[in-house]
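Worksheet: one structure, shown below.
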Amino acid sequence: MTEKVRTRFAPSPTGYLHVGGARTALYNFLYARRHGGTFILRIEDTDRERSEDRFTQAILDSLSWLGINWDEGPVFQSQRLDRYREAAEKLLASGEAYCDEDPEKGRAVKMRMPRRIIKVPDLVHDEIEFDASLNDDFVIIKSDGFPAYNFACVVDDADLAITHVIRGDEHLSNMPRQLVLYEALGLPAPQFAHIPMILGPDGAKLSKRHGATSVTEYHDKGFLPEALANFVALLGWSPGNDLEIMSIEDMCGLFDLSRARKNASRFDNEKLMWMNGQYLMNLPAERLAADIREYLVRKNVDLAGYDDVWMTRLAEAYRIRIKTLDDLYVAAAYVFADEIEYDPASMKKVLEKEGVLDVLSASRDILAAQDDWASDRLEERFRVFCEETGRALGKVAQPIRVAVTGSTASPPIFETLALLGRDKSLSRIDSVLKRLPTASSPE
RNA sequence: GGCCCCAUCGUCUAGCCCGGUCAGGACACAGGAUUUUCAUUCCUGCAACAGGGGUUCGAAUCCCCUUGGGGUCACCA
């Protein structure tokens, strides 16, 4: 018979959700979805010292943000103490576990490790052999009455009827202990799939010194959840063809543990950036506009006076030019600023040039005379101006661009002017005009 | 160090299980085209089977060894 698939993600609330944890959660989620199963969230809060409610909340938030939704739970281990005690009693009674008195730590319950070879079946590694006699007896109930990891994990996975445990390679060495517990408790063991770890760009275990490692940080830096989920999913798995951009829904239909790789992969920020850019380019305009608004508000940008229509235009103007929402925050800062900063190099390259004063003041007059500030009206007018004066559009656009944005790069100039609005555009050109004669006066 | 895992371009990977295509795609990088700037887009290029033994007519693919990388050795999970 084929039992109904049940998977779980079991983080401990001692920190934020790590990108590696996010991938583990995602794989468990995808595997359950793919097989019409159930995905369960369990919080392993048995370390009373380090567990914090705010981390539990942060992990829940990160999972939700990524679109990884759980069907059951969260189940808290701290609320199942009776169950662990009961299971421990059973092992104590059978003699497979015993009480261990430590003068300093107090009384704990330890499990006896048998002296034999233990074969560990694994969906990605096939079968691995461990010599259990190399392991010491291990604690199952700590002296504070809380269960130790391996014990709580086994009892819970059995109670929750988990069928597939998908977790990182770092847990491989726990397998002998866990298998011994399943056997002693008379519980059926689930199937295991140990997936390779995610390393930093330098091949060392991904850690804080590599920069951002938590989902929260990527959120803060303006990455989209779709892109991050898509990216981490591809670290250790691929659908087999050349498909790379996939929504979670797509992956739900494609994910397959038999296609999981065995070797560790490195976290390549460059590719994540590219992928985020791809999502930014293809997001529905309204959704992107909403995301941008949310991001800018989070950055304390005053958005009073900017409606959704305007925000959507901003989104359209910038989506192909940015890799993250933060890029937009930086690139479009001039829009919201009262006083803009002029990049010295841009000033020198464009404004402090022979004849620019004439072009700019002529442009200023044209703009001042324009009532219709729509970008294509502005463009029509300037095309005529260029035609009449025999100038290339670029020669006219660049001085204006630097004058109103402070730099040489921006969306198409007329769209930029339209976004900026008549007042800001004109006053910025005026102020540049005022300081220009001194700057470019003939020596 | 003991035990365990792993090994294709710089990176993510397809191909491996069921040996036989110029070892394919993507990121990055380098050229070029388009373009009012930036970017996008489109071409082109660069670049890998860790090494050594086997097995075989034939090995990236199967086996062994070496080397290299990683994980783990807690009353942390």
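Computed over heavy atoms, backbone and side chain alike; hydrogens, waters and symmetry mates excluded. Just so it is clear: chains get the letters A, B, ... in the order the sequence lines come, proteins before strands, and each one is counted from 1.
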So Lys323(A), base contact, sugar-phosphate only, or nothing? Heavy-atom distance under 4.0 Å. sugar-phosphate

Got a donor-acceptor pair under 3.5 Å from the side chain of Arg401(A) to the base of U36(B)? yes

Respond yes when some side-chain nitrogen or oxygen of His171(A) is under 4.0 Å from OP1 or OP2 of A77(B), and no when none is. no

Rounded to whole angstrom, note down the P distance from A26(B) over to C43(B). 9 Å

Identify whether any heavy atom of Ile413(A) sits under 4.0 Å from a base atom; if not, whether one sits that close to sugar-phosphate; answer base, sugar-phosphate or nothing. base

From the candidates U36(B), U40(B), G24(B), the one with an atom nearest any side-chain atom of Arg383(A) is U36(B)

Say we look at C9(B) and G2(B): how far apart would their P atoms be, to the nearest angstrom? 28 Å

Touch class at under 4.0 angstrom, heavy-atom based, for Asp131(A) against every strand present: nothing

Looking at the side chain of Gln398(A), which of U37(B), A77(B), A28(B) is the nearest nucleotide? U37(B)

Whether Asn230(A) side chain and Glu226(A) backbone form a donor-acceptor pair below 3.5 Å: no

For Gly236(A), report the nucleic acid contact type (base, sugar-phosphate, nothing); a contact means any heavy atom under 4.0 Å. sugar-phosphate

Closest to the Ile128(A) side chain: G70(B), C5(B), C3(B)? C5(B)

What does Glu129(A) touch in the nucleic acid at a heavy-atom separation under 4.0 angstrom: a base, only the sugar-phosphate, or nothing? sugar-phosphate

Please work out if Ser238(A) contacts a base, only the sugar-phosphate, or nothing of the nucleic acid, heavy-atom cut-off 4.0 Å. sugar-phosphate

Given atom CD1 of Ile141(A) and atom C1' of C76(B), what is their separation to the nearest angstrom? 16 Å

If we take the C1' atom in both G52(B) and G10(B), what is their distance in whole Å? 25 Å

Arg319(A) near the nucleic acid: base, sugar-phosphate alone, or nothing, with a heavy-atom cut-off under 4.0 Å? nothing

Starting from P on C27(B), measure out to CE on Met281(A) and report it in whole angstrom. 10 Å

If I pick the P atom on A30(B) and the same atom on U66(B), what distance separates them, to the nearest angstrom? 42 Å

Does C27(B) pair with anything, Watson-Crick or G-U wobble, both distances under 3.5 Å, and if so, with which nucleotide? G10(B)

Quick one: Leu243(A) CG to G24(B) P, roughly how many Å, whole number? 20 Å

Selection from U40(B), G70(B), C76(B) that lies nearest to any side-chain heavy atom of Ile320(A): U40(B)

So if I apply the salt bridge (Lys or Arg N to Asp or Glu O under 4.0 Å) rule between Glu379(A) and each of Arg381(A), Arg383(A), Arg377(A), which one comes out positive? Arg383(A)

Across the strands shown, which category fits Lys395(A) at heavy-atom distances under 4.0 angstrom: base, sugar-phosphate, nothing? nothing

Identity of whatever pairs with C16(B) - Watson-Crick or G-U, under 3.5 angstrom: none

Short side-chain N/O contact to U8(B) OP1/OP2 from Asn263(A), under 4.0 Å: yes

Closest to the side chain of Val139(A), out of C75(B), C27(B), U40(B), is C75(B)

Which one is paired to C49(B), where only Watson-Crick or G-U wobble pairs with both distances under 3.5 angstrom count? none

Which whole number of Å gives the distance between the P atom of A33(B) and that of C38(B)? 14 Å

NA contact type, Asn135(A), heavy-atom cut-off 4.0 Å: base, sugar-phosphate, or nothing? nothing

Using a 4.0 Å heavy-atom cut-off, does Pro411(A) contact any base of the nucleic acid, only the sugar-phosphate backbone, or nothing at all? base

Pairing partner (Watson-Crick or G-U wobble, both distances under 3.5 angstrom) of C62(B): G54(B)

Hey, does the side chain of Ser173(A) come within less than 4.0 Å of C5(B)'s phosphate (OP1/OP2), counting only N and O? no

Expressed in angstrom and rounded to an integer, what is the separation of Ile198(A) atom CD1 from U11(B) atom P? 16 Å

Using a heavy-atom cut-off of 4.0 Å across all strands, would you classify Thr46(A) as base, sugar-phosphate, or nothing? sugar-phosphate

If you count heavy atoms of other groups shown closer than 6.0 angstrom to CG of Asp202(A), is the number above 12? yes

Go ahead and name the base partner of C3(B); Watson-Crick or wobble counts if both distances stay under 3.5 Å, otherwise write none. G71(B)

Side-chain ion pair, Asp144(A) and Arg107(A), N-O less than 4.0 Å: no

Test: Lys221(A) cationic atom under 6.0 Å from Tyr218(A) six-membered ring centre, within 45° of axis: yes

Is Arg259(A) near enough to G15(B) that one of its side-chain N or O atoms lies under 4.0 angstrom from OP1 or OP2? yes

Looking only at G70(B), C6(B), C76(B), the nucleotide nearest the Met197(A) side chain is G70(B)

Report which part of the nucleic acid Tyr318(A) touches: base, sugar-phosphate, or nothing (heavy-atom distance under 4.0 Å, all strands). nothing

Could you tell me whether the side chain of Lys262(A) has a donor or acceptor atom within less than 3.5 Å of a complementary atom in the base of A7(B)? no

Are the charged groups of Arg6(A) and Glu72(A) less than 4.0 angstrom apart, N to O? yes

Taking the side chain of Lys205(A) as heavy atoms from C-beta outward, which of C4(B), C3(B), G70(B) is closest to it? G70(B)

Separation between the P atoms of U41(B) and C27(B), rounded to whole Å: 9 Å

Answer with base, sugar-phosphate or nothing: what part of the nucleic acid does Ser143(A) contact at a heavy-atom distance below 4.0 Å? base

With rounding to the closest Å, how many angstrom separate the P atoms on A47(B) and C6(B)? 31 Å

Can the ring centres of Phe267(A) and His210(A) be said to be less than 6.0 Å apart? no

Within this structure, what is the CD-to-P distance between Glu270(A) and U11(B), rounded to whole angstrom? 14 Å

Result of checking Glu183(A), Arg112(A), Met111(A) against Glu96(A) for side chain to side chain contact (heavy atoms under 4.5 Å, CB included): Met111(A)

Identify whether any heavy atom of Glu170(A) sits under 4.0 Å from a base atom; if not, whether one sits that close to sugar-phosphate; answer base, sugar-phosphate or nothing. sugar-phosphate

Strictly below 4.0 Å, N to O, side chains only: are Arg50(A) and Asp47(A) in salt-bridge contact? yes

Taking Ser143(A)'s backbone N and O only, do any of them form a donor-acceptor pair with Lys105(A)'s side chain (distance below 3.5 Å, no angle check)? no

Spacing between Asp202(A) atom CG and U11(B) atom P, to the nearest angstrom: 12 Å

Atom CD of Glu316(A) and atom P of U40(B): how far apart are they, to the nearest Å? 17 Å

Rounding to an integer number of angstrom, what distance separates G70(B) and A14(B) when you compare their P atoms? 22 Å

Where the side chain of Lys271(A) is defined as all heavy atoms beyond and including C-beta, which of A26(B), A77(B), U37(B) is the nearest nucleotide? A26(B)

Heavy-atom nearest nucleotide on RNA chain B taken for Lys105(A) and for Leu235(A); more 5' hit belongs to Leu235(A)

Rounded to whole angstrom units, what separation is found between the CZ atom of Arg261(A) and the C1' atom of C49(B)? 12 Å

